[in-house]
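Right, one structure below, let's go through it.
For ligands, and for the atoms within them, numbers begin at 1 and follow the listed sequence.
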Amino acid sequence: MNKRVYNRIRFFGCILLLILLILIWYNRKHDNNVQDDNRDFSTTDKVFTVVIDPGHGGKDVGAKGASGLYEKDFTLSLSKKVKEILEKEEKIEVYMTREEDTFISTVDKYRPKFANELDADLFISIHGNTYEDPNVSGTEAYYYHDKFKSFAETIYNKVVSSTGFKARGVKNKDLFVVRYTDMPSVLLEIGYLTNPQEEQMMFKDEFQSSLAESICDGVKEYLEIE
Ligand SMILES: [Zn+2]
């Protein structure tokens, strides 16, 4: 074989090998990103964005409690307390999908979109449950994406021990706020507003304060802060 042709083959061989190695390296890196559930603890000075979503609002009153109180008022009041506590954390920035008694249409999926556009790290939607039988009671939490189940469990465990209500569990459900959020997300049903005892508790200021504290503990535990 001509020496010049041989050198040329050797040269292109090396280039091809190099491209192959770069491709392998790139794919590995990409796989690691996919497995990651958005948590990034590599930098110690990272500020985490947490979105609190008070359920319902405005003309959408949500559940009507046993004594006639509205779910939308409970969710906003509790969410404000959560925000107030979380804001004290240097490493956490808090946003709310609504700060007042405003109506948010579900049509354009504003709530998850709000969190996605902020590139938030965590999303917590707060609700109170309803059922025709006033004896039904308890706390439950919903997630959609399996990879975010552990986040839902972390928050739920703290909330259940704070409410002391019946532990109804962490469940998978196709709810749009947890389905369309790109980050770990959970929808909390704190208790049943249609249950007279739970409704009464849920509107108590002290009860809400310790509940808010428990949600924040869950957030900090998940983010490995402190
Ligand atoms: Zn609700």
Check His56 and report its N/O/S atom nearest to the Zn ion (ligand 1), by atom name.
->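 Relative to the Zn ion (ligand 1), the closest nitrogen, oxygen or sulfur of His56 carries the name NE2.
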His127 atom (N/O/S) at minimal separation from the Zn ion (ligand 1) =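 In His127, the heteroatom (N, O or S) nearest the Zn ion (ligand 1) is ND1.
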Counting only heavy atoms not in Glu87, do more than 12 sit closer than 6.0 Å to its CD atom?
->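 Yes - once you tally the heavy atoms of other residues, nucleotides and ligands closer than 6.0 Å, there are more than 12.
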So with a 6.0 Å cut-off around CZ of Phe103, is the heavy-atom count from everything else above 12?
->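 More than 12 heavy atoms, drawn from other residues, nucleotides or ligands, come within 6.0 Å of this atom.
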Please determine if Arg168 and Glu189 form a salt bridge, counting it only when a charged side-chain N lies under 4.0 Å from a carboxylate O.
->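 Salt bridge absent between Arg168 and Glu189.
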Using a strict cut-off of less than 4.0 Å between a Lys/Arg side-chain nitrogen and an Asp/Glu carboxylate oxygen, indicate whether Lys72 and Asp101 qualify as a salt bridge.
->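 Judged by the 4.0 Å cut-off on N to carboxylate O distance, Lys72 and Asp101 do form a salt bridge.
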Would one find an N, O or S atom of Glu71, in either backbone or side chain, under 2.8 Å from the Zn ion (ligand 1)?
->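 An N, O or S atom of Glu71 is closer than 2.8 Å to the Zn ion (ligand 1), so yes.
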